[in-house]
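Let me begin by presenting the structure, written as structure tokens, before commenting on it.
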There are 2 protein chains.
Amino acid sequence: MASVTMADVAKLAGVSKSTVSQFLNKRYHYMSEETKSRIEQAIHELGYSPNAVARSLRQKKTQTIGVIVANILHSFSTEVIRAIEDTCHAYDVHVIVCNADNDPQKEKKYVEMLRAKQVDGLIVFPTSDNKELFNGLVAAHFPLVFIDRLIHGVPVNAVLADNEEAMRLAVNALAESGRRRIGLVLPPLLEEITPRMERRDGFMKAISEAGLEYEEAYVAAGQVEEAPHFLADMLALPTPPEAVIAGNDLVLYELLRSIKQQKIDVPEQIALIGIDDVTFADFFNPSITTVAQPTFAMGHKAAELLLQEINGGKKHSEIRTHRFQPTLKCRQSC
Amino acid sequence: MASVTMADVAKLAGVSKSTVSQFLNKRYHYMSEETKSRIEQAIHELGYSPNAVARSLRQKKTQTIGVIVANILHSFSTEVIRAIEDTCHAYDVHVIVCNADNDPQKEKKYVEMLRAKQVDGLIVFPTSDNKELFNGLVAAHFPLVFIDRLIHGVPVNAVLADNEEAMRLAVNALAESGRRRIGLVLPPLLEEITPRMERRDGFMKAISEAGLEYEEAYVAAGQVEEAPHFLADMLALPTPPEAVIAGNDLVLYELLRSIKQQKIDVPEQIALIGIDDVTFADFFNPSITTVAQPTFAMGHKAAELLLQEINGGKKHSEIRTHRFQPTLKCRQSC
DNA sequence: CTGTTAGCGCCTTCAG
DNA sequence: CTGAAGGCGCTAACAG
């Protein structure tokens, strides 16, 4: 292990540790050329590289942030994470990603572990049960940004898609193609998970705006594994829906699986729109119309907000929820 | 910021710092019940949580490893990463992921950043140009494991799929369904990237084992964006191939895109097998036969090897390449 | 069983 | 322009 320290460099260069430190931190305005080159050479000769842990301890800054994602299985999550990482690496900030697996206990554990590690801030896709915990962070002025979801009563910057608009885009596309009876399949609504609630509400609003009839039997929510049943049940109705919207990518997978098994014809028998653009949407048969969230922009924004809060501190007046507009990717399935 | 230190706890509990330290490290075999409970209460009262950075500095262990992935866009990479994270979190070690984007320069930079951060070890999907760098780590006894790819002449533990077997599975499946003329599309072969080379060689071997004729015009390698041309060119041949194998998931996407655009009938006009199982393989139309790598097992193994090397040190005799067997997922496309 | 002491490697006044 | 000294928060002998 290259356990060469600043002291070794200093000795070899014939200067003191602090001079080396100055050099490393580019404070060599007033340093003689000779000293500089001697230090440089000593560093090179010894293969010295500074110990970031020691620096972190001293400076109380680790140049590392944590990201806690509620469910890593969503394509949305992975894309957002990639955007966060790209943005942070550009600032030489590292990222530690943890997957809470929709479990508030795990989420809490990760928050604690990451704080113990002295990360400079946290971007969280929050589960819904840790309001106290997060308010504790806020009270301690710990830099924190939410993404994808909100927790009401926790005053932090947040980055969310405009979920109502997403549903409006989907419903209108379907309405314009002549469908009047539109269904919706969502993940469980038990907990107050923002995108789900907002999509459900947005759906109802969009239906009524479009002058369509809202039909309770056309809306289903539950574990994704049950999605096939939902679809079968809807299609068995006396007047089945003419279209169905998948509330997220995982729901879409299950719907497609069941559509294939039951040999349902899309879009003839039923039209289909997915929320979240998926890799295969454009070359699927039929290609799938989706509502895409601007994942890169959202991850980027979350990182920018956090880094800003870390560096500049946060003015209370600037706390807000940033909404990002989704876009319709019109393809063959509707 | 909760800047309460061990000293505060010690003062409140009326003991010394080291006693608190012992307590935290569960060395309280011989500690009086009263002391224990006093410390416990003080910790609780102050909301104290230990500073992992300080501990790391002292112990020269960060409980963190780094993962450098050559290209995060492959489903293989993301699945392996997830397995690594799951495994590590079970040991309370954190993971920092960096995407080298197939760029040896970036790879080098990340190795240096992560070492500066004193990570306890590294799992790398190596690009092919940093042999010196990695041999430097080996020489310094820095824990290191390769996955997916090898660099010849760098003696480290490695976890790879049996790529020859993967090709054999694909070729045999095709041969058994009666195809005699089999094509292959691969990413660029310029650099010596292990899976590509091994898949190309394994393909040729499998073709000859199966008693088929090897035809150079049926094998193409190049940027994934060119994959559509490759397919078109092959199909324009006087005797076009009856089947084609996609060398990885990204190639498969391009092939499927082009198959859809050109309205090619799979499997009638051409059969198709993909290396790497993709999410949509089973509900695609037609469902896609793939050769799956055991991503979870591989990531898990890589993490186990690294953690073992970190804790136990490494016996030189134990360095080897661990091969994992792929499996055929037989579906409709062949 | 508990306290004292001495650093881990670096950065930051403050003299010189 | 450079050096000495102190300390970030914690752990690890070694005394007591």
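Computed over heavy atoms, backbone and side chain alike; hydrogens, waters and symmetry mates excluded. Proteins get letters first, then strands, A, B, ... in listed order; numbering begins at 1 in each.
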For the residue pair Phe146(A) and Phe134(A), is the inter-centroid distance of their aromatic rings smaller than 6.0 Å?
yes

Distance, rounded to the nearest Å, where Arg38(B) contributes CZ and dG3(C) contributes P:
9 Å

dT2(C), OP1 or OP2 - any side-chain N/O from Thr19(B) closer than 4.0 Å?
no

Using modelled atom types and a 3.5 Å cut-off, is there a donor and acceptor pairing between side-chain atoms of Thr194(A) and backbone atoms of Leu150(A)?
yes

Closest contact, heavy atoms only, Val53(A) versus Asn51(A):
N-OD1, 2.7 Å

Counting N and O atoms only, with roles assigned by atom type, does the side chain of Glu309(B) sit under 3.5 Å from a partner on the main chain of Leu144(B), one being a donor and the other an acceptor?
yes

His44(B) and Glu40(B): side chain donor to acceptor below 3.5 Å
no

Between atom CZ in Arg115(A) and atom P in dG9(D), what is the gap in whole Å?
14 Å

Rounded interatomic separation in angstrom, taking CG from Asp8(B) and C1' from dC8(D):
13 Å

Each nucleotide of nucleotides 11-16 of chain C classed B (base within 4.0 Å of a protein heavy atom), S (only sugar-phosphate) or -, in 5' to 3' order, makes BB----

Could you list the residues that satisfy side chain to side chain donor-acceptor pair (under 3.5 Å) with Asp120(B), not counting sequence neighbours?
Thr62(B)

For a quick check of understanding: with a heavy-atom distance under 4.0 Å over all strands, which category does Ser56(A) fall into, base, sugar-phosphate or nothing?
nothing

Separation of atom CG in Leu57(B) from atom P in dA6(C), rounded to whole Å
18 Å

Given dG3(D), dG9(C), dT2(C), the nucleotide with the shortest approach to the side chain of Thr35(B)
dT2(C)

How close or far is atom P of dT2(C) from atom CD1 of Ile39(B), stated in whole angstroms?
8 Å

Exactly one of Leu122(A), Ile310(A), Leu114(A), Ile96(A) should register a side chain to side chain contact (heavy atoms under 4.5 Å, CB included) with Ile65(A). Which one does?
Ile310(A)

Which whole-number value in Å describes the distance from Lys36(A) NZ to dT2(D) P?
10 Å

Note the angle between the end axes of the helix from dC1(C)-dG16(D) to dG16(C)-dC1(D), five pairs defining each, rounded to 10 degrees.
40°

To the nearest angstrom, the CG-P distance between Asn51(A) and dG7(C) comes to 18 Å

Heavy-atom donor-acceptor pair, Asp8(A) side chain to Val4(A) backbone, under 3.5 Å
no

Under-4.0 Å side-chain N/O to phosphate OP1/OP2 contact, Thr5(A) with dG9(C)
no

Take atom NZ in Lys11(B); do more than 12 heavy atoms of anything else shown fall under 6.0 Å from it?
no

To the nearest Å, how far apart are Lys60(B) NZ and dG9(C) C1'?
8 Å

